[in-house]
Amino acid sequence: MNDDRRQFLRSLSRTALVLPFADLLAAAQQLPGPMERSYNAKAMPTPKGPKSPIEGTPLGVRFLDVVKQSGLDVKTTYGGEHKNKYLLETTGCGLAFYDYDDDGWLDIFLVNGWRLEGFAPGQEPHCHLFKNNRDGTFTDVTKGSGLEHKTGWGQACCVGDYDNDGKDDLFVTYYGQNALYRNNGDGTFTDVTRAAGLIQPGPKVRWNTGCTFVDYDRDGRLDLFVANYVDMDLKTAPPPEAGPCTYKGVLVACGPPGLRGGKNILYHNNGDGTFTDVSEKAGIWNTSGTYGLSVAASDLDNDGWPDIYVANDSSTATLYQNQKDGTFKDIAIESGAALSPEGKPQAGMGVSIGDYNRDGNLDVVKTNFAGDTDSLYTNLGDATFEDRTYPAGVGVNTRLLGWGVGFFDMDNDGWLDILMSNGHVYPEVDRSSTDLKYAEHKYLFRNLQNGRFEEVTEQGGPGILEEVPARGCAFGDYDNDGDIDVAVNCVNAIPQLLRCDSTLNRNWIKIKLAGVKSNRTGIGTRVIVTAKTKPDAARPLVQMDELRSGGSYFSQNDLRMHFGLDQARKVDLVEVRWLSGQVDRFQNLDANRLYVLQEGGKILKSEALTPARSRERG
């Protein structure tokens with residue numbers, strides 16, 4: 001980042017702190033009304049650099065939606081199906097790839113929602129837990145699991161072993177009261193929300209959104225961060241006619257502009273099964289951004305301490321830099337990771353973190369509202385970012401509205417690709433004179449290994465092209481065949497289970513972590529994998545990632561870390577940097593295996609995964 005741009009961003013940061021947010025937003029975007037979304041950005045031509053050798057070649061992978069034959073075809077209920085009265089009906093739900101029974105096979109947890117008119121007794125929708133049958137199908141095991149009792153406006157979920165007993169626990173956010181479920185290790189869960197000190201005091205109703213378990217103080221215990229969207233009371237919330245609130249001339253739910261933004265929450269783990277709200281004294285409320293939705297935590301400035309990034313709707317993003325003393329400072333604007341390339345606030349929805357250009361720094365991709373581009377922030381390694389949305393080729397979409405998003409290596413070449421799930425926020429567009437649709441297809445980008453991406457949506461298979469009202473999106477290898485599959489939660493529809501089918505025969509390695517001094521799940525641990533793709537290769541393939549809880553949009557990815565190896569049959573070195581400061585090194589590991597690595601340098605398990613027994617090909 002040059003000095004002029006750095007100085008501009010810092011001056012903008014000072015301006016943002018002085019001006020009321022409504023004034024800043026109006027000045028930046030020239031909103032035509034106090035509660036009307038208006039996004040008129042146009043895609044800019046993508047600058048062309050030297051052509052990559054793989055650009056334009058066959059993709060070698062395709063995604064098929066196998067949800068109906070998988071047994072996951074249960075409808076997620078969320079708000080009105082054709083018309084929404086309040087903003088609450090628009091955000092939808094997340095989901096998790098979650099091996100809750102620790103049998104080596106990814107199960108699926110689906111968050112569910114509610115409707116304004118409520119439900120008859122016995123007909124209330126609830127969240128669903130599906131057990132992986134190891135043959136490409138799942139069985140609904142919710143009844144009797146302890147997860148079936150809570151109902152309401154479900155939002156996000158995240159996973160982590162908060163009590164360090166070796167069993168990963170589940171946290172679910174709601175409009176209203178959140179829920180913490182302790183994993184009992186026998187297929188059942190206990191709701192420990194009250195016992196853990198997580199009951200939220202009334203009479204205020206919080207709209208909790210994205211969440212992440214994060215050991216922010218590196219004491220070996222997982223703390224908990226929860227984003228908040230809008231302080232909304234349905235008794236006083238404005239209906240569409242109140243503004244009037246319109247989108248392209250259509251009456252729609254009001255907000256978030258014009259509504260009071262919620263305050264994010266940081267809970268400190270006390271080590272005795274309870275948490276303490278430390279939000280205010282930790283500096284979490286000292287941020288210019290508001291309307292928090294999705295959350296991702298990682299060490300973005302390479303100082304060994306986890307930071308927290310929040311995608312905010314209709315506002316500047318938030319980047320909480322860990323000050324290493326129990327407090328955080330929002331540096332998003334001055335760091336260059338808060339605004340559009342034109343310096344405008346955006347309506348951020350989902351967020352993912354990964355080192356897409358393999359320079360040892362973790363980058364950020366963020367989905368945004370329709371009429372704007374999505375965002376790609378390249379990390380320069382010194383707590384500053386450069387917006388590479390257009391130069392990297394990711395700025396091609398200005399029509400579809402993005403939600404779940406992920407950096408993931410779809411083709412196992414060792415370079416992170418990108419998938420974005422889309423769906424409009426207003427069901428009313430289906431009956432309007434606009435050319436927009438509520439259900440939308442996804443965007444798929446292949447990493448060209450030169451800092452740019454190629455949009456390969458058309459080649460991605462019917463699962464990518466199918467139009468659905470997508471929200472949460474999770475990534476994981478549910479059939480244990482060595483490539484990454486995708487699950488998507490939709491609004492008032494069944495989910496998608498996008499099985500990745502590859503013809504490339506490339507290698508991979510999976511790493512599962514077991515902390516000792518660090519938190520048991522290993523969340524926040526940095527893993528560096530070094531391998532030679534060919535025996536005579538001049539340079540080894542070096543990849544880095546961190547284990548994260550939560551992310552995408554309201555969702556949880558597979559906690560087994562996955563690294564594509566291209567043609568490498570062995571991994572020369574796996575370096576594991578734990579939050580405790582312990583550094584372990586493992587050499588000469590075979591490809592196409594899962595390794596369970598324990599803090600202190602011990603390999604607890606080395607396992608060749610057996611793919612699902614029966615897989616019906618499309």
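- Formation of a donor-acceptor pair under 3.5 Å by the Y553 side chain with backbone atoms of G402 is not found in this model.
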Step-by-step side-chain contact (heavy atoms from CB on, under 4.5 Å) determination, F130 to D107
CA-CA 6 Å; F130 285 91; D107 311 298; 6.0 Å; no

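- The side chain to side chain donor-acceptor pair (under 3.5 Å) pairs that include a residue from residues 596-608 are S518-E599, S580-E599, R593-S606, where partners are two or more places apart or lie in different chains.
- Other residues, nucleotides and ligands place more than 12 heavy atoms under 6.0 Å from the CD atom of Q323.
- Summarising the geometry of S340 relative to D387, their closest heavy-atom pair is C-OD2, 3.9 Å, with the distance given to 0.1 Å.
- Although no hydrogens or angles enter the test, the distance criterion places a donor-acceptor pair under 3.5 Å between the side chain of D330 and the main chain of A332.
- For F109, there are no ring pair (Phe, Tyr, Trp, His ring centres under 6.0 Å) partners at least two apart in sequence or on another chain.
- Under the side-chain hydrogen bond (donor to acceptor under 3.5 Å, both in side chains) test applied with D477, the options H562, K510, R560 reduce to a single match, K510.
- The backbone N or O of H268 lies less than 3.5 Å from no partner atom in the side chain of T276, so there is not a single donor-acceptor pair.
- No hydrogens or angles considered: nothing links the side chains of N557 and S552 as a donor-acceptor pair under 3.5 Å.
- Salt-bridge check for R526 with D355: failed, with every basic side-chain N at 4.0 Å or more from each acidic carboxylate O.
- Applying the salt bridge (Lys or Arg N to Asp or Glu O under 4.0 Å) test between K324 and each of D299, D301, D303 identifies D303 as the sole match.
- For the residue pair D313 and Y229, a side-chain donor N or O sits within less than 3.5 Å of a side-chain acceptor on the partner.
- The backbone N or O of D409 lies less than 3.5 Å from no partner atom in the side chain of W415, so there is not a single donor-acceptor pair.
- Looking only at side-chain heavy atoms (C-beta outward), L147 and C127 stay at 4.5 Å or farther from each other.
- Within the 4.5 Å cutoff, no side-chain heavy atoms of R471 are placed close to those of T76.
- A heavy-atom distance below 4.5 Å is not found between the side chains of N519 and D161.
- Of all the heavy atoms in D169 and F213, the pair that sits closest is O-CE1, 4.5 Å.
- Between F97 atom CZ and L559 atom CG the span is 12.5 Å, to the nearest 0.5 Å.
- A donor-acceptor pair is defined here as one N or O able to donate and one able to accept, closer than 3.5 Å; such a pair exists between the side chain of S294 and the backbone of M349.
- Here the straight-line distance linking atom OG1 of T209 with atom CD of Q155 works out to 7.0 Å at 0.5 Å rounding.
- The minimum heavy-atom distance between Y78 and C93, with the atom names listed, is CD1-SG, 3.5 Å.
- Judged purely by distance below 3.5 Å, without hydrogens or angles, the side chains of R548 and T212 never pair a donor atom with an acceptor atom.
- Between atom CG of residue L362 and atom OG of residue S298 there is a gap of 5.0 Å, rounded to the nearest 0.5 Å.
- In summary, the side chains of D545 and Q543 do not present any donor paired with an acceptor at a separation below 3.5 Å, with no hydrogens or angles considered.
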Quick one, K131 with W105, criterion side-chain contact (heavy atoms from CB on, under 4.5 Å). Give me CA distance, side-chain angles, the key distance, then yes/no.
CA-CA 9 Å; K131 179 175 173 55; W105 292 81; over 6 Å; no

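- No donor-acceptor pair under 3.5 Å is formed between the side chain of S375 and the backbone N or O of V365.
- Of the possible polar contacts, one joining the Y377 side chain to the L339 backbone as a donor-acceptor pair under 3.5 Å is found.
- In this structure, the side chains of N412 and L565 stay at 4.5 Å or more apart for every pair of heavy atoms.
- Summarising the geometry of G104 relative to N480, their closest heavy-atom pair is O-ND2, 3.1 Å, with the distance given to 0.1 Å.
- The two residues D572 and A531 come nearest to each other via the heavy atoms OD2-CA, 3.6 Å.
- Defined by atom type and a distance below 3.5 Å, a donor-acceptor pair is present between the side-chain atoms of N361 and N302.
- Checking side-chain atoms of T190 against main-chain N and O of V192 turns up no donor-acceptor pair under 3.5 Å.
- Identified under the salt bridge (charged side-chain N to carboxylate O under 4.0 Å, His left out) test for residues 188-217, with sequence neighbours left out: K204-D231.
- Considering only residues two or more places apart in sequence or on other chains, D165 meets the salt bridge (charged side-chain N to carboxylate O under 4.0 Å, His left out) condition with K167.
- Listed for the T525 side chain is no donor-acceptor partner under 3.5 Å among the backbone atoms of R577.
- You'll find the side chain of I528 reaches within 4.5 Å of the side chain of V542, heavy atoms only.
- No donor-acceptor pair closer than 3.5 Å links the side chain of T367 to the backbone N or O of D374.
- Rounded to the nearest 0.5 angstrom, N322 CG and R218 CZ are separated by 9.0 Å.
- Expressed to the nearest 0.5 Å, how far OG of S352 lies from CZ of F475 amounts to 7.0 Å.
- Legend: salt bridge (charged side-chain N to carboxylate O under 4.0 Å, His left out) pairs involving residues 143-152, not counting sequence neighbours: none detected.
- For W305 and Y216, the ring centers are positioned 6.0 Å apart or more.
- There is no side-chain donor-acceptor pair under 3.5 Å between T173 and N208.
- With a 4.5 Å cut-off on side-chain heavy atoms, I199 and T193 count as touching.
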Just do the side-chain contact (heavy atoms from CB on, under 4.5 Å) check on V214 and S549 with the steps written out, would you?
CA-CA 7 Å; V214 54; S549 166; over 6 Å; no

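- The shortest heavy-atom contact between C157 and C211 is C-SG, 3.6 Å.
- Each of I108, V141, V159, N132 was compared with Y100 under the side chain to side chain contact (heavy atoms under 4.5 Å, CB included) criterion, and only V141 meets it.
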Would you check, one step at a time, whether the test ring pair (Phe, Tyr, Trp, His ring centres under 6.0 Å) holds for Y162 with F171?
CA-CA 10 Å; Y162 82 95; F171 185 75; 9.7 Å; no

Run the side-chain contact (heavy atoms from CB on, under 4.5 Å) check on L170 and N183 step by step: do they pass?
CA-CA 7 Å; L170 175 67; N183 190 335; over 6 Å; no

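- With rounding to the nearest 0.5 angstrom, the CZ atom of F275 is 5.5 Å from the CG atom of L224.
- A search for side chain to side chain donor-acceptor pair (under 3.5 Å) contacts involving K570 returns D590, not counting sequence neighbours.
- Side-chain atoms of L513 and W578, non-hydrogen and from C-beta on, do get closer than 4.5 Å to each other.
- L547 places none of its side-chain heavy atoms less than 4.5 Å from the side chain of V527.
- Of the N and O atoms on the side chains of T378 and Y356, at least one donor lies less than 3.5 Å from an acceptor on the other residue.
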